[in-house]
Protein chains: 2
Amino acid sequence: MKFADFSRNVMITAENICRDIFLENRDSIKIKKEKVVVKNLVNIFNATLRLSNEKGFHAMSLRDLCQETGLSMGALYSYFSSKDDLLETIQEQGRRLAVKVLTEYIEKAGNPEEKLEAAVKSHLYLSEIMQDWFFFSYMETRYLDKEEHKKAIAGELYTEQLFIDILEQGKAQKKFKVDNAALTAAVIKAMLQDWYLKRWKYSRRVVSVEEYAEFLIGFIRSYIIPD
Amino acid sequence: MKFADFSRNVMITAENICRDIFLENRDSIKIKKEKVVVKNLVNIFNATLRLSNEKGFHAMSLRDLCQETGLSMGALYSYFSSKDDLLETIQEQGRRLAVKVLTEYIEKAGNPEEKLEAAVKSHLYLSEIMQDWFFFSYMETRYLDKEEHKKAIAGELYTEQLFIDILEQGKAQKKFKVDNAALTAAVIKAMLQDWYLKRWKYSRRVVSVEEYAEFLIGFIRSYIIPD
DNA sequence: GTCTATAGTGCGATAGAC
DNA sequence: GTCTATCGCACTATAGAC
């Protein structure tokens, strides 16, 4: 699977994500014209991610956000009910999309070896397209209130479980040699997350997402597939 | 190398770290009695790490810190000149210690295989002892001003370089098979950092730092040492 | 060496005009 | 649907009493 193909197939754009958010939050969003809402939501979310990922969500004031979006304080509050609400909406939507895409691509693959490759690549490719969302979700998780924080933890464990399942399945089919599937999945997750947590490093070294994917798959396979 | 031995040898305690901080900042710290300063610094740093690691350094107000330490606003400001100064001091001291300990343990080891093991274990063991400091440093790096931020990046690259050097040395001695030392070192760092970034996960699963260390070393060796 | 009191700033949120 | 004006509050930092 090439990044370009993935990118074309998933059809993830800011507009599409914001349209989903609009449809799911019709009640709490005060403005009713879809076209207006989607346009402003794209603007607001992009600005939030840009500002937050530079200096943190808490350090970003709503006045900063006004300047970055060109909207007034009053206008902003037509689209979310509080600053925390904005934080939660971004996190929730990112999580939902990640689960959907990962599950879909893993199911499409046939055997454990293909599933592993599909899981690694779709995780990396998705985080490449939505780098800002993923970085934001990781770094701002602890600012969520207790209930939302639990959902974030559950999300991490859910995607990790997808990897555990693939490893166990491969083991059952005698294709993989896995002593500790949970630990193996944990470090795989860590390496996948490093791709969006340390963008500055990989950009500087001019490593493409496909190179990183191939490297990771080779690294993992050398451990779970005995010669 | 066992964790207990490492822990006994490095002799890292909050008191020792705070004594160093006192000696290096005699000018800016208004109080002069070493005993008083060290006692209060231990209190302040522990409280800062506890509060910050829960909800973030920015979200922690100095009033929170007063309550947690039992000190007044005025007293706090005798030990640092601004909230940012507190942030920088913690980061700087953590970085300094990490570099010192890692370098020391790697140099003690003889051949590349031993060096790799020493590097992985001393990194993990140190982050186990100083988990709060490491977590804090990672999560709060972006709140540093430009100059301090550069130092943090340099620190990450420096410790990574230690791994690159070991890998290259092993390759030169025909003991390791390494195609891409930089990428290999990058993912090793990612896995090492996961230990303190996801403490909740490893605690929940009752994985000890020694288990994690052995697992990681096995994982890495299977890639770089062909059968 | 530590305290209390307070200055001065900037925050999130809202009401009501247009 | 968007704006401006403003409220009340919490923040960092400091000055001066003890």
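Chain letters run A, B, ... following the sequence lines, proteins first and then strands; every chain starts at 1.
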To the nearest Å, how far apart are Phe22(B) CZ and dG1(C) P? 9 Å
Closest-nucleotide ordering on DNA chain C, the 5'-leading residue of Ser78(B) and Gly74(A): Ser78(B)
Between Leu86(A) (CG) and dC11(C) (P), how many Å, whole number? 16 Å
What is the separation between atom NZ on Lys30(A) and atom C1' on dG16(C), rounded to the nearest whole Å? 14 Å
Proximity to the side chain of Lys33(B) - top-ranked nucleotide from dA13(C), dG1(C), dT12(D): dG1(C)
Nucleotide dT9(C), atom P - distance to CG of Asp64(A) in whole Å: 18 Å
For Asp85(A) and Ser82(A), test the side chains for any donor-to-acceptor distance below 3.5 angstrom and give the result as yes or no. no
Between dG1(D), dT12(D), dT14(C), which one does the side chain of Met73(A) approach most closely? dT14(C)
Is the distance from OP1 or OP2 of dG1(C) to the nearest side-chain N or O of Asn40(B) less than 4.0 Å? no
Audit row: Phe3(A), Tyr125(A), ring-ring contact (aromatic ring centres under 6.0 Å, His included) steps and yes/no: CA-CA 6 Å; Phe3(A) 175 62; Tyr125(A) 291 172; 5.3 Å; yes
Minimum-distance nucleotide (side-chain atoms of Ser61(B) versus dC11(D), dA13(C), dG1(D)): dC11(D)
Along DNA chain C (nearest heavy atom to each residue), the more 5'-positioned of Ala75(B) and Met60(A): Ala75(B)
Please classify the nucleic acid contact of Tyr79(B) as base, sugar-phosphate, or nothing, using heavy-atom distances under 4.0 Å. sugar-phosphate
Pair Arg50(A) + Glu54(A), salt bridge at N-O below 4.0 Å: no
Given dG1(C), dT14(C), dT12(D), the nucleotide with the shortest approach to the side chain of Val36(B): dG1(C)
Rounded to the Å, how far apart are Arg63(A) CZ and dC11(C) P? 6 Å
Any salt bridge between Glu156(A) and Lys201(B), counting N to O under 4.0 Å? yes
Minimum-distance nucleotide (side-chain atoms of Leu71(B) versus dC3(C), dT6(D), dG1(D)): dC3(C)
Give the rounded distance in Å between these two atoms: CD of Gln67(A) and P of dG10(C). 14 Å
Residue-phosphate contact under 4.0 Å: Ser72(B) side-chain N/O, dT2(C) OP1/OP2: no
Assign the ring pair Tyr143(B) / His58(B) to parallel, tilted or perpendicular, where the plane angle (0 to 90°) is split at 30° and 60°. tilted
Gap between atoms NE2 and C1', on His58(A) and dA10(D) respectively (whole Å): 12 Å
Rounded interatomic separation in angstrom, taking NZ from Lys83(A) and P from dC11(C): 9 Å
Using a 4.0 Å heavy-atom cut-off across all strands, classify Asp84(B) as base, sugar-phosphate, or nothing. nothing
